[in-house]
**Student:** 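Once you've had a glance at the structure underneath, I'll fire off some questions.
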Amino acid sequence: MNETPETGIDFVRHQITLDNSSGRFGGTVATRFPPEPNGYLHIGHAKSIVLNFGIAQDFSGTCNLRFDDTNPTREDVEYVDSIQQDIRWLGFGWHDRLFYASDYFEQLYQWALHLIEHDLAYVDELTADQIREYRGTPTEPGRNSPWRDRPRQENLELFARMRAGEFPDGHCILRAKIDMAHPNINMRDPALYRIRHARHHRTGDDWCIYPTYDFAHGQSDAIEGITHSICTLEFENHRPLYDWLLSHLPVPHVPRQIEFARLNLTWTVMSKRKLLRLVQEKYVEGWDDPRMPTISGMRRRGYTAEGIRDFCRRIGVSKTNSTVDLALLEFSQREDLNARSPRFMGVVDPVKLTITNWPAGQVEWFDASTSAEDPTVDIRRIPCTGNLWVEREDFMEDAPRKWFRLAPGKEVRLKFAWYVTCTGVVRDAHGEIQEILCTYDPESRGGETPDQRKVKGTIHWVSADHGLPAHIRLFEPLFTREDPDEADDFTTVINEHSCTVMNGYLEPALQELKAGETVQFLRMGYFCRDSRLDTPEHPVFNRAVTLKDSWARVIRNQRENE
RNA sequence: UGGGGCGUCGCCAAGUGGUAAGGCACCGGGUUUUGAUCCCGGCAUUCGUAGGUUCGAGUCCUGCCGCCCCAGCCA
């Protein structure tokens, strides 16, 4: 696949180029992807991963994977494992550059001491509520804590006792001493350390005080020699603090923070809090539900890593808050899936088709290619009989103009096989069509006739005597509106019909397909054999994405014009 | 109304004073044993808005308007 970006160089790469020519970092480029292990990665993270690892590749630099694990009450190893798996699956690696902010706890502690020794930090015994009151508001300055000017020695002792576990959670915190009247609220003596008597997934019970994001992130970047610390827009307000800490600490290196806009997608939610709620309240099967925008969900659905990377390149990187159309993600998937998926036949919503002039008991086998490009390669055999399953939507009793599928009196081609002409239908007691009756033209074997007559419509089919019953899962967006975040409560706009399970039939060759593999069912879309619900006795397929359907569009436009 | 950002086609997005790239979507047309793919063609006299500077402004200046972020001991 073409890996060339659709747009010019983005502003982040532009800044890096500028830094390289000014020699700010001696020409080296080091980035990092810093997830907090408190949830599964989603397509928004993919944007960041492609950016950070992509920049490292483009500039012959490095990209570290660093877990931002400074809050043991929210984090879990389940997530550190899934995150690594997802990044690898996306096609990126970090070699031996796997780090944890918790690796730096001792160094961070020493730096906190340094701040105290220079009268730049103090232990505050105000309660959380009091601190909030003292902080002021965006339009009013805050007030100094009564503990702000306690002696250096006392701060040192108190901080040591915090570490020693002498105080309960919330008893006190370490704060930077900056400016309680600062117009940027993040500079009003921000918290640096808090007490958390909680077991950490890596450091166990070694610590009962943990650094905040602000105190850990920039210093971790400094320790790792990160040149460009790329984060999302909401951290822009933190940059003055990021820079302040770095300039007041004896760090070995000073990185540059650059912020870009996080990804929003239509028809979905992206916040970890909301995704967690979908999982916990069982609106979905789990983090890897094919309807989830998680990496694991998309993988299970049948999306490809290449397609996701391509999507991330197409959306670009900027500082504009934006919501990308889901159609673009689907386009990227179709483009990649089209190039790599073998073609098979599967009937999703089956209706019987009986060939009335078919020799009783006869079975014909056709050699057919699974390639859309070259009919001479990748041949498998398909059985055909007089009893077939065809797609219910491929028949219409009163066909509109330009309909060239099945209808009374109309002739169509059964892909790879014969021409059949519809002679009638059989209905059940409720008037539902139970069976379509056809005759076939024995001269049309393989889909062409000696008289070269044109048949515009070609439909897919499966021999009812050989077809493999399967559950075929069709998905719609999880929400009923394209901007679920705008609803008062996003759970009130959940789409009840986001997953429809069809009882379909597949051509026998599909029996061999392995779980996790994606194929095209001719005319129906790309389907991935499910890795969780599938059994050898009863296959389960997920539709990753439909094919473009210009007939549906014709119908839609016709309706709108009426 | 304090501070920090952002406003270029329906959705993204290039553009760094010289006369509006590209992708998606959409609309035509051609090829086709997938109404798929593929291929051709169309799609911003205008850059939130009002002024100003300039031979020349999406790009510079000023004023408005709109949207996003910040008052966690979350990240």
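Here is the naming used below: chain letters follow the sequence lines, and residue numbers restart at 1 for every chain.
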**Student:** From C-beta outward on A:Glu236, which listed nucleotide comes closest to its side chain: B:G35, B:C69, B:G5?
**Tutor:**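 Closest nucleotide among those given: B:G5.
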**Student:** Categorize A:Thr232 for me: base, sugar-phosphate, or nothing, with a 4.0 angstrom heavy-atom threshold over every strand shown.
**Tutor:**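 The residue A:Thr232 makes no contact with any strand.
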**Student:** Can you find a donor-acceptor N/O pair under 3.5 angstrom joining the side chain of A:His460 to the base of B:A36?
**Tutor:** no
**Student:** May I ask which nucleotide in the shown strands pairs with B:G7, Watson-Crick or G-U wobble, both distances under 3.5 Å?
**Tutor:**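 Across any shown strand, B:G7 pairs with B:C65.
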**Student:** Does A:Arg239 reach a base, just sugar-phosphate, or nothing at all? Heavy atoms under 4.0 Å.
**Tutor:**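 Nothing, no nucleic acid heavy atom in range.
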**Student:** Please classify the nucleic acid contact of A:Tyr213 as base, sugar-phosphate, or nothing, using heavy-atom distances under 4.0 Å.
**Tutor:**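 Base contact - A:Tyr213 has a heavy atom under 4.0 Å of at least one base atom.
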**Student:** Could you tell me how far apart A:Leu337 (CG) and B:A36 (C1') are, to the nearest whole angstrom?
**Tutor:**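 Those two atoms, CG and C1', are 12 Å apart.
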**Student:** Taking 4.0 Å as the cut-off, does a side-chain nitrogen or oxygen of A:Arg343 come that near to OP1 or OP2 on B:A36?
**Tutor:**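 A:Arg343 to B:A36 OP1/OP2: no side-chain N or O under 4.0 Å.
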**Student:** Just label B:G72 as syn or anti from its O4'-C1'-N9-C4 or O4'-C1'-N1-C2 angle, using within 90° of 0 for syn.
**Tutor:** syn
**Student:** So A:Glu448, base contact, sugar-phosphate only, or nothing? Heavy-atom distance under 4.0 Å.
**Tutor:** base
**Student:** Any side-chain donor-acceptor pair under 3.5 Å between A:Ser371 and A:Asp378?
**Tutor:**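 A:Ser371 vs A:Asp378: no donor-acceptor pair found between side chains.
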**Student:** Looking across every strand, which nucleic acid part, if any, lies under 4.0 Å from A:Trp403 by heavy atom: base, sugar-phosphate, or nothing?
**Tutor:** base
**Student:** Of all the choices, B:G3, B:G35, B:A71, which nucleotide is nearest to the side chain of A:Asn237 once you look at every atom?
**Tutor:** B:G3
**Student:** Nearest to the side chain of A:Arg523, heavy atoms from C-beta on, is which of B:A75, B:A13, B:G35?
**Tutor:**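 Ranking B:A75, B:A13, B:G35 by closest atom to the A:Arg523 side chain puts B:G35 first.
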**Student:** I want to verify a distance call: between B:C74, B:G2, B:A71, whose nearest atom is closest to the A:Arg194 side chain?
**Tutor:**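 Side chain of A:Arg194 sits closest to B:C74.
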**Student:** Expressed in whole Å, how much space separates the C1' atoms belonging to B:A44 and B:C40?
**Tutor:**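 Pairwise C1' distance, B:A44 against B:C40, rounds to 23 Å.
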**Student:** Assign each of A:Tyr193 and A:Ala261 to its nearest nucleotide of RNA chain B by heavy atoms, then name whichever residue's nucleotide is nearer the 5' end.
**Tutor:** A:Ala261
**Student:** For the C1' atoms, the ones on B:U32 and on B:A36, what distance do you get once it is rounded to whole angstrom?
**Tutor:** 10 Å
**Student:** What nucleotide, of B:A75, B:U37, B:A71, holds the atom closest to the side chain of A:Arg135?
**Tutor:**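 When the side chain of A:Arg135 is considered, B:A71 is the closest of B:A75, B:U37, B:A71.
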**Student:** For the residue pair A:Phe404 and A:Trp551, categorise the inter-ring angle as parallel (less than 30°), tilted (30 to 60°) or perpendicular (more than 60°).
**Tutor:** tilted
**Student:** Considering every strand and a 4.0 Å limit on heavy-atom distances, what is the contact class for A:Arg334: base, sugar-phosphate, or nothing?
**Tutor:** nothing
**Student:** Give none if B:G2 has no partner; otherwise give the nucleotide forming a Watson-Crick or G-U wobble pair with it, both distances under 3.5 Å.
**Tutor:** B:C70
**Student:** Do the two ring centres, one from A:Phe105 and one from A:His200, sit under 6.0 Å apart?
**Tutor:** yes
**Student:** Base, sugar-phosphate, or nothing for A:Thr73, non-hydrogen atoms under 4.0 angstrom?
**Tutor:** nothing
**Student:** So what does A:Arg413 touch, heavy atoms closer than 4.0 Å: a base, only the sugar-phosphate, or nothing?
**Tutor:**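 Base contact.
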**Student:** Does B:A13 have a Watson-Crick or wobble mate here (both distances under 3.5 Å), and if so which one?
**Tutor:**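 Checking every strand shown, B:A13 finds no partner, since no pair has both distances under 3.5 Å.
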**Student:** Return the nearest nucleotide to the side chain of A:Asp325; candidates are B:C11, B:G3, B:G35.
**Tutor:** B:C11
**Student:** Check this for me: does the side-chain of A:Gln520 come within 3.5 Å of the base of B:U34 through a donor and an acceptor?
**Tutor:**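 Looking at the base of B:U34, it does pair with a donor or acceptor on the side chain of A:Gln520 (distance under 3.5 Å).
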**Student:** Please verify the inter-ring angle class for A:His42 with A:His45; under 30° counts as parallel, over 60° as perpendicular, anything in between as tilted.
**Tutor:** tilted
**Student:** May I ask which nucleotide in the shown strands pairs with B:A36, Watson-Crick or G-U wobble, both distances under 3.5 Å?
**Tutor:** none
**Student:** Students often get this wrong, so: under 4.0 angstrom with heavy atoms, is A:Leu241 touching a base, only sugar-phosphate, or nothing?
**Tutor:**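 Nothing: the residue A:Leu241, judged by heavy atoms under 4.0 Å, touches no strand.
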**Student:** Name the closest nucleotide to the A:Arg132 side chain, picking from B:G72, B:U37, B:A75.
**Tutor:** B:G72
**Student:** Reckon A:His182 touches a base, only the sugar-phosphate, or nothing at all at heavy-atom distances under 4.0 Å?
**Tutor:** nothing
**Student:** Just checking A:Thr137: base, sugar-phosphate only, or nothing, at a heavy-atom cut-off of under 4.0 Å?
**Tutor:**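 Base, at least one base atom sits under 4.0 Å.
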**Student:** Roughly how many Å apart are B:C27 and B:U37, using the P atom of each and rounding to a whole number?
**Tutor:** 13 Å
**Student:** Using a cut-off of 4.0 Å on non-hydrogen atoms, how would the nucleic acid contact of A:His14 be classed: base, sugar-phosphate, or nothing?
**Tutor:**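 Result for A:His14 = base.
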**Student:** Among B:A75, B:U37, B:U34, which is the nearest nucleotide to the side chain of A:Asn338?
**Tutor:** B:U37
**Student:** Do A:Phe527 and A:Phe521 have their ring centres less than 6.0 Å from each other?
**Tutor:** yes
**Student:** Which listed nucleotide (B:U1, B:U34, B:C27) is nearest to the side chain of A:Thr139?
**Tutor:**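 Shortest atom-to-atom distance from the side chain points to B:U1.
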**Student:** Measure up the A:Trp389 and A:Tyr505 rings against each other and bin them: parallel (under 30°), tilted (30 to 60°), perpendicular (over 60°).
**Tutor:**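 Geometry flag for A:Tyr505 against A:Trp389: parallel rings.
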**Student:** Provide the distance between the two C1' atoms, one in B:C26 and one in B:C9, to the nearest whole Å.
**Tutor:** 12 Å
**Student:** Once you apply a heavy-atom cut-off of 4.0 Å, does A:Lys319 come out as touching a base, just sugar-phosphate, or nothing?
**Tutor:**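 A:Lys319: backbone/sugar contact only, no base atoms under 4.0 Å.
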**Student:** Roughly how many Å is it from CG in A:Asp549 to P in B:A36, rounded to a whole number?
**Tutor:** 8 Å
**Student:** Measure from the side-chain heavy atoms of A:Thr458 and tell me the nearest of B:G35, B:C73, B:A25.
**Tutor:** B:G35
**Student:** Please classify the nucleic acid contact of A:Ile131 as base, sugar-phosphate, or nothing, using heavy-atom distances under 4.0 Å.
**Tutor:**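 It contacts base atoms.
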**Student:** So which one's nearest nucleotide on RNA chain B is more toward 5', A:Phe521 or A:Thr323?
**Tutor:**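 Upstream on the strand: A:Thr323.
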**Student:** Flag the pair A:Glu486 and A:Arg481 as a salt bridge only when some basic side-chain nitrogen lies within less than 4.0 angstrom of an acidic carboxylate oxygen.
**Tutor:**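 The answer is no: the pair does not qualify as a salt bridge.
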**Student:** Rounding to a whole Å, what distance do you find between A:Phe260:CZ and B:C12:C1'?
**Tutor:**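 Nearest whole value for this atom pair: 15 Å.
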**Student:** Can you tell me how far C1' in B:U1 sits from the matching atom in B:G58, rounded to whole Å?
**Tutor:** 31 Å
**Student:** What do you reckon, are the aromatic ring centroids of A:Phe99 and A:Phe67 less than 6.0 Å apart?
**Tutor:**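 No - the distance between ring centres of A:Phe99 and A:Phe67 does not fall below the 6.0 Å cut-off.
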**Student:** Which label fits A:Tyr109 and A:Phe159: parallel for a plane angle under 30°, tilted from 30 to 60°, or perpendicular past 60°?
**Tutor:** parallel
